[in-house]
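Have a look at the structure below, then the notes.
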Amino acid sequence: MSDRAKKVLVFSVAQIITIAINFLVSPYLSRALPKEDYSAFNQVIVVIGLTGVLFAFGIQSVAFLFFSRKDADQEKVVSTMQTGLLILGLVSSISLFLFSFTAGSFFGNDDMAGYIRLCSPAVLFTFSNTYLQGVLVYNGRAKYVAFLSVAQAVFTVFFLYISLNNWKSVPHALFFAQVAAPFLGLTLAFPVARQYMIRRIGFFKESAAKILKVSVPLYITSLLGSSYIYFSAFFVILVLGDIQYADYRNGAVEIPFISTVAFSVSAILLPDLNKYFHEGKKELAFELKRKIINQCIFLLYPVIVFFIVYHYEFIVSYFSEKYADSALVFAIYSFTCFVRINDYQDVLITAGKSPYILKSNVIYFLTNIVLVVLLGYLFGIYGVAVAASVSVFILAYILLRKDAQIFGVSIVSFFQLRRIALIFLLTAGLALLLKWILGQLLNQTPVLVFLLAAALYFPVVYIFMSRSGYLLPSLLNIVTSRASFLKPLLNPRNK
């Protein structure tokens with residue numbers, strides 16, 4: 001296994017462990033809290049998340065770029081970047097604190113004022129923690145960063161349970177999850193990261209201009225790209241109400257591990273994509289991009305199909321019958337996973353087409369606003385889910401069309417259509433057949449139907465795909481090198 005693959009595997013395993021731990025949080029909260037408190041808890045998280053996006057200015061996104069530039073001004077640039085992050089973090093905390101005095105009337109819930117005031121340092125600690133972990137990653141301390149991610153997740157889950165089960169306190173739960181957890185992360189990260197850091201604290205106008213020239217376009221793109229999350233959330237909160245937001249929030253969840261698997265495949269192959277592109281080998285770059293897209297499809301479409309077919313069973317098993325109305329929202333949102341498994345910007349960035357990315361995200365942003373308002377008023381939370389999903393598909397199409405133009409091919413050339421259609425039909429047919437059989441045998445008991453279907457469906461599907469040569473040997477080797485007993489099941493038939 002290559003060093004790059006090993007590093008990706010470390011990150012992926014840590015992410016999977018972290019996601020698995022965090023995966024237990026939402027069902028616990030949804031059961032432990034009344035819908036009104038659960039809605040308020042998540043509204044605070046949305047406010048903190050939006051504040052973080054607004055005040056980030058894309059600086060974290062360009063940190064690695066400036067770490068790697070070994071020029072005469074590097075010390076000033078990195079020093080300015082560090083100072084800028086501290087200033088932005090402080091400003092965000094002050095802004096949250098000031099907003100808390102109007103939050104009660106804004107959200108129609110007096111408790112929100114105290115919640116937001118208590119969590120006002122959250123963005124400052126998160127900015128600092130993320131930067132320190134970036135320093136560690138750049139300097140080859142990936143395993144320690146993986147440990148930090150898992151430690152924070154365990155800390156959060158433990159104190160959420162104590163806060164709600166023993167202390168019966170929503171404010172304590174918010175404080176430990178949003179403030180204390182990132183503070184723990186930066187406290188553990190700083191002693192190790194400090195040896196790699198520039199100790200100088202200063203702010204230089206020329207360096208700031210150099211940083212912002214690169215970071216601001218990425219910041220605007222990120223702000224527009226995340227609009228569907230925040231605009232949809234605030235529309236539901238302010239127009240449809242707290243209870244509807246609780247149902248919407250539990251439906252608008254990502255299928256577990258989808259992003260992690262997609263990241264792992266891309267991270268292993270994308271450095272070669274950039275290399276081919278810069279060497280002018282567009283044909284090789286295209287073939288590699290095509291391979292990335294299709295491998296993500298083969299790996300993840302069976303998962304997406306399964307969760308769409310079993311959307312009701314998953315939601316009521318995960319969140320309880322109390323959130324049965326979230327099931328259809330989840331099914332609608334899950335359709336976006338069919339296009340969200342690919343990075344549509346990598347080729348455009350490599351080809352110097354960043355202005356096109358920005359233009360595409362403006363179209364996406366405006367489309368999302370119009371559709372959310374129109375469909376949200378007509379169909380409630382289901383209309384909001386449809387609007388957000390349609391907007392994501394439109395953005396994916398716009399970006400992929402430009403990728404195709406750069407390579408001089410048609411959009412359909414990226415896809416192995418016959419193999420994709422076969423996988424889609426087989427997985428959908430198997431999932432529906434199992435659902436009907438198990439539903440009859442188990443008297444429509446959602447938890448048993450879901451778990452038994454998963455236990456039968458996934459081994460059959462992935463053994464078939466690996467034996468039929470759908471999956472790359474390099475990906476299978478990552479699994480079989482750690483679990484050699486799986487080799488006879490996963491090795492392609494022609495070997």
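- Residue Phe458 qualifies as enclosed at atom CZ: its count of foreign heavy atoms under 6.0 Å is above 12.
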Stepwise side chain to side chain contact (heavy atoms under 4.5 Å, CB included) test for Leu132 and Val192: CA-CA 9 Å; Leu132 290 174; Val192 181; over 6 Å; no

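- Within the 4.5 Å cutoff, side-chain heavy atoms of Tyr323 are placed close to those of Tyr38.
- Among all heavy-atom pairs drawn from Pro302 and Tyr462, the shortest one is CB-OH, 3.9 Å.
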Run the side chain to side chain contact (heavy atoms under 4.5 Å, CB included) check on Leu86 and Ser128 step by step: do they pass? CA-CA 7 Å; Leu86 286 174; Ser128 304; 4.1 Å; yes

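- Ile211 CD1 to Phe57 CZ: the interatomic distance, rounded to the nearest 0.5 Å, is 13.0 Å.
- The distance from atom CE of Met465 to atom CZ of Phe298, rounded to the nearest 0.5 Å, is 8.5 Å.
- By the 30° and 60° cut-offs, the orientation of the rings of Phe106 relative to Phe234 is perpendicular.
- With sequence neighbours excluded, the residues satisfying side-chain hydrogen bond (donor to acceptor under 3.5 Å, both in side chains) with Arg117 are Ser100.
- Of all the heavy atoms in Pro217 and Lys213, the pair that sits closest is CD-O, 3.4 Å.
- Although no hydrogens or angles enter the test, the distance criterion places a donor-acceptor pair under 3.5 Å between the side chain of Ser93 and the main chain of Ser120.
- Relative ring orientation between Phe101 and Phe97 is described as perpendicular, the plane-to-plane angle rising above 60° on a 0-90° scale split at 30° and 60°.
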Kindly indicate, with the supporting measurements, whether the criterion ring pair (Phe, Tyr, Trp, His ring centres under 6.0 Å) is fulfilled by Phe330 and Phe319. CA-CA 12 Å; Phe330 174 73; Phe319 292 116; 8.7 Å; no

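- Other residues, nucleotides and ligands contribute only 12 or fewer heavy atoms inside 6.0 Å of the CD atom of Glu283.
- The main-chain N or O of Asp247 is found under 3.5 Å from a side-chain atom of Ser326 such that the two form a donor-acceptor pair.
- Aromatic ring orientation, Phe307 versus Phe314: perpendicular (interplanar angle above 60°, classes split at 30° and 60°).
- Between the side chains of Gln195 and Asn139, no donor N or O sits under 3.5 Å from an acceptor N or O.
- The aromatic rings of Tyr144 and Phe147 sit tilted, their planes meeting at an angle between 30° and 60°.
- You'll find the side chain of Ile411 reaches within 4.5 Å of the side chain of Tyr397, heavy atoms only.
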Begin with the C-alpha distance, continue with both residues' side-chain angles, and end with the deciding distance and a verdict on side chain to side chain contact (heavy atoms under 4.5 Å, CB included) for Ile116 and Phe107. CA-CA 12 Å; Ile116 292 175; Phe107 289 102; 4.2 Å; yes

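- In this structure a side-chain-to-backbone donor-acceptor pair under 3.5 Å is missing from Lys289 to Phe414.
- In plain terms, the two heavy atoms of Val384 and Ser232 that are nearest each other are CG1-CB, 3.7 Å.
- With hydrogens and angles ignored, the 3.5 Å screen pairs a side-chain donor or acceptor of Tyr301 with a backbone N or O of Phe338.
- Between Tyr28 and Tyr161, the two ring planes are tilted [angle within 30° to 60°].
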Should Leu160 and Phe176 be marked as a side chain to side chain contact (heavy atoms under 4.5 Å, CB included) after you check the CA-CA gap, both sets of side-chain angles, and the distance that decides it? CA-CA 7 Å; Leu160 277 176; Phe176 281 110; over 6 Å; no

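- Gln43 and Ser39 share a donor-acceptor pair across their side chains, judged by distance under 3.5 Å alone.
- For Asn361 (side chain) and Ile357 (main-chain N/O), a donor-acceptor pair under 3.5 Å exists by modelled atom type.
- With no hydrogens or angles considered, no side-chain donor-acceptor pair links Tyr115 and Asn109 at under 3.5 Å.
- Side chains of Val47 and Leu96 form a contact here, defined as non-hydrogen atoms less than 4.5 Å apart.
- More than 12 heavy atoms of other shown residues, nucleotides or ligands fall within 6.0 angstrom of atom CZ in Phe125.
- You'll find the side chain of Leu136 reaches within 4.5 Å of the side chain of Leu148, heavy atoms only.
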